[in-house]
There are 2 protein chains.
Amino acid sequence: MYFIHMIPGIRMTAPSHLSALTTRNNRLFTLLLERELKKTGLRSGQVPVLQALQDGKTLNQKALADFADIEQPGMTTLLARMERDGLIQREPDPADRRSTLVTLTLDGQRKSRNIVPIMEHLTDTALKGFTPLERDILVTLLERINSSLKSQL
Amino acid sequence: MYFIHMIPGIRMTAPSHLSALTTRNNRLFTLLLERELKKTGLRSGQVPVLQALQDGKTLNQKALADFADIEQPGMTTLLARMERDGLIQREPDPADRRSTLVTLTLDGQRKSRNIVPIMEHLTDTALKGFTPLERDILVTLLERINSSLKSQL
DNA sequence: TCTAAATACATAACATGTTATGTATTTCAT
DNA sequence: ATGAAATACATAACATGTTATGTATTTAGA
């Protein structure tokens, strides 16, 4: 059981358009993330793939789509671009001829090492002035929303 | 000054990838919003335009882009689709020949009346189980994040 | 065993958004 | 009054994601 004291800015008003807030939130995040990633030759959509395949791991495209939480066709086109850009390799799965195994190239491995510091810096920027408790409350509330929305799918 | 008692689920852990959370959040919002809007023949991107032009208002494309908080080319292509679909009309501004004035068609006005209830229902779904205080805290924290991120642009 | 269902991937068509760039018009300072 | 800068819009090229649909392979049940 936890208590919050003095969260600055609390107004006790009805939420302004929550979806407009989260849309704006996400676009700002993506914009700044793209800006940082650009220096290393990466794009925002590639981040989950690079993280899932770190340390030489191998996954098929379905597993990557599940990890990134996007639909399969989106992952297929994303991986096609990443292969074109030399970040990943695709090879047929000998154990299941429907399946394609994906691994990072050496260049993909090298570039993926920039992601964690970039994400940490971005998170710090976003949560500037937040107390640790406020950070946890935010994450908790967002996860509750995501759970509520997901249950409506 | 306000206090929170017993926010369920608080874990006191480091935030999991905040941008992944907000990205997921926004995609879920958009998905459910699209699903509801589909019944009325609208799309999620059209919502800010329809709201800005309610009650017969007239705005040029730049003002609409500012209102929707997107770049001008995005608004141009959005309005082209909305004109194609009969939701808006565009006419040259007689006072400034660079400018195009946008108004809702009768069909656009009629359909736009569905937006508020849909958005309210979606917000209620997302914030199911939230106390009024939790709603306010969420909005406050999101607005603080947006402000921090915006200052980095 | 063999057929029906499930699974993995690809492709097409599209919406939504971004940067980069070009054109026409307006504004403003000298 | 005019030339430079600012403004409004359009277009192109692209990334990211969605649904709908098709193909090939694997799995599972009668």
Side-chain angles (χ1 to χ4, degrees), chain A residues 19-20 22-35 37-38 41-49 59-85 87-88 90-102 153, chain B residues 19-20 22-35 37-38 41-49 59-85 87-88 90-102 153:
Chain A
S19 78
T22 62
T23 299
R24 174 72 175 145
N25 196 251
N26 184 50
R27 275 225 316 288
L28 284 168
F29 257 114
T30 305
L31 224 62
L32 292 176
L33 179 57
E34 290 273 1
R35 189 172 297 183
L37 288 175
K38 195 169 212 169
L42 297 176
R43 304 294 304 260
S44 60
Q46 302 166 348
V47 167
V49 174
L59 291 174
N60 67 22
Q61 304 193 173
K62 175 61 163 62
L64 285 170
D66 289 344
F67 181 85
D69 209 0
I70 64 174
E71 301 300 321
Q72 168 264 316
M75 182 53 71
T76 294
T77 59
L78 171 60
L79 291 173
R81 291 190 300 271
M82 291 181 74
E83 189 172 42
R84 174 202 66 191
D85 297 342
L87 295 171
I88 59 152
R90 290 196 279 187
E91 50 178 344
D93 183 347
D96 185 341
R97 293 189 341 215
R98 299 168 300 179
S99 186
T100 303
L101 298 179
V102 184
L153 286 185
Chain B
S19 78
T22 62
T23 299
R24 175 70 176 146
N25 197 250
N26 183 50
R27 276 224 315 289
L28 284 169
F29 257 115
T30 304
L31 224 60
L32 292 177
L33 180 57
E34 290 273 0
R35 189 172 298 184
L37 287 175
K38 195 169 212 169
L42 297 176
R43 304 295 304 261
S44 60
Q46 302 166 348
V47 167
V49 174
L59 291 174
N60 67 22
Q61 303 193 175
K62 175 61 163 64
L64 285 170
D66 288 345
F67 181 85
D69 210 1
I70 65 175
E71 301 300 320
Q72 168 263 317
M75 181 53 70
T76 294
T77 59
L78 171 60
L79 291 173
R81 290 191 301 271
M82 292 181 73
E83 189 173 42
R84 173 202 67 191
D85 298 340
L87 295 170
I88 58 152
R90 290 196 281 188
E91 51 177 344
D93 183 347
D96 184 341
R97 292 186 345 210
R98 299 169 300 180
S99 186
T100 303
L101 298 179
V102 184
L153 286 186

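This structure is a prediction, so every number in the text was calculated from the model and none was measured. Reminder, nothing fancy here: chain letters follow the sequence lines and each chain counts from 1.
For A:Arg97 and D:dT25, a side-chain-to-base donor-acceptor distance below 3.5 Å is absent, hydrogens and geometry of angles not being considered. A donor N or O paired with an acceptor N or O is found under 3.5 Å between the base of D:dA10 and the side-chain atoms of B:Gln72.
Proximity note for A:Glu34 (side chain, C-beta onward) versus C:dT16, D:dT19, D:dT16: the nearest is D:dT16. Comparing atom distances between the A:Ser44 side chain and each of C:dA10, D:dT7, D:dT16 picks out D:dT16 as nearest. Among the nucleotides C:dA8, C:dA10, D:dC9, the one closest to the side chain of B:Lys62 is D:dC9. For B:Asn60, counting side-chain heavy atoms from C-beta on, the closest listed nucleotide (C:dT25, D:dC9, D:dT26) is D:dC9. Side chain of B:Glu71, nearest nucleotide from D:dT18, C:dT18, D:dC9: C:dT18. The listed nucleotides are C:dT19, C:dG17, C:dC9; the one nearest the side chain of A:Thr100 is C:dC9. The side chain of A:Arg98 approaches D:dT25 more closely than any other nucleotide in the set C:dC9, D:dT25, D:dT19. With distances taken from any side-chain atom of A:Thr76 to the nucleotides D:dT19, C:dA10, D:dG17, the minimum falls on C:dA10.
No side-chain donor from either of B:Glu34 and B:Thr30 sits under 3.5 Å from a side-chain acceptor of the other. For the residue pair A:Arg90 and A:Gln61, a side-chain donor N or O sits within less than 3.5 Å of a side-chain acceptor on the partner.
Here B:Gly45 lies in heavy-atom contact (under 4.0 Å) with sugar-phosphate atoms only. Among the heavy atoms of the strands lying under 4.0 Å from B:Arg81 is at least one base atom, whether or not backbone atoms are also near. Counting any heavy atom pair closer than 4.0 Å across all strands shown, B:Thr30 reaches no nucleic acid atom. At a threshold of 4.0 angstrom between heavy atoms, the contacts of B:Asp93 with the nucleic acid are absent. Residue B:Arg84 is classed as a sugar-phosphate contact, given heavy-atom separations below 4.0 Å to backbone atoms only.
One atom, CG of B:Leu33, and another, C1' of C:dT16, lie 13 Å apart when rounded to the nearest Å. In this entry the distance linking CG of B:Asp96 with P of D:dA6 reads 17 Å, nearest Å. Protein atom CG of A:Leu78 is 15 Å distant from nucleotide atom P of C:dT11, rounded to whole Å. Across the protein-nucleic acid pair, B:Ile70 atom CD1 and C:dT19 atom C1' stand 14 Å apart, rounded to whole Å. To the nearest angstrom, C1' of D:dT25 lies 15 Å from CD of A:Gln61. For the pair A:Lys38 NZ and D:dA15 P, the computed distance is 11 Å after rounding to whole Å. For the pair A:Leu153 CG and D:dT19 C1', the interatomic distance rounds to 14 Å; values are reported in whole Å. Rounded to whole Å, atom P of C:dT11 lies 13 Å from atom CG of A:Leu79.
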Next on the checklist: As a quick check of understanding, evaluate side-chain contact (heavy atoms from CB on, under 4.5 Å) for A:Thr23 and B:Asp69, giving each step before the final call.
Outcome noted: CA-CA 10 Å; A:Thr23 299; B:Asp69 210 1; over 6 Å; no
Checklist entry - What do the steps show when you test B:Val49 against B:Leu79 for side-chain contact (heavy atoms from CB on, under 4.5 Å), and what is the final call? => result CA-CA 9 Å; B:Val49 174; B:Leu79 291 173; 4.0 Å; yes
Next on the checklist: Go through it in stages, so that I can follow the logic: the residues are B:Asn60 and B:Thr100, the test is side-chain contact (heavy atoms from CB on, under 4.5 Å), and I'd like the CA-CA distance, side-chain angles, deciding distance and then a yes or no.
Outcome noted: CA-CA 5 Å; B:Asn60 67 22; B:Thr100 303; 5.8 Å; no
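The side chain of B:Arg90 contributes an N or O atom lying less than 4.0 Å from OP1 or OP2 of D:dA10. Contact annotation: A:Gln46 side-chain N/O to D:dA15 OP1/OP2 distance is not under 4.0 Å.
Note that CG of B:Leu87 and CG of B:Leu42 are 6.0 Å apart. Values are rounded to the nearest 0.5 Å.
Residue order along DNA chain C, read from the 5' end via each residue's closest nucleotide, puts B:Asp69 first among B:Asp69 and B:Ala95.
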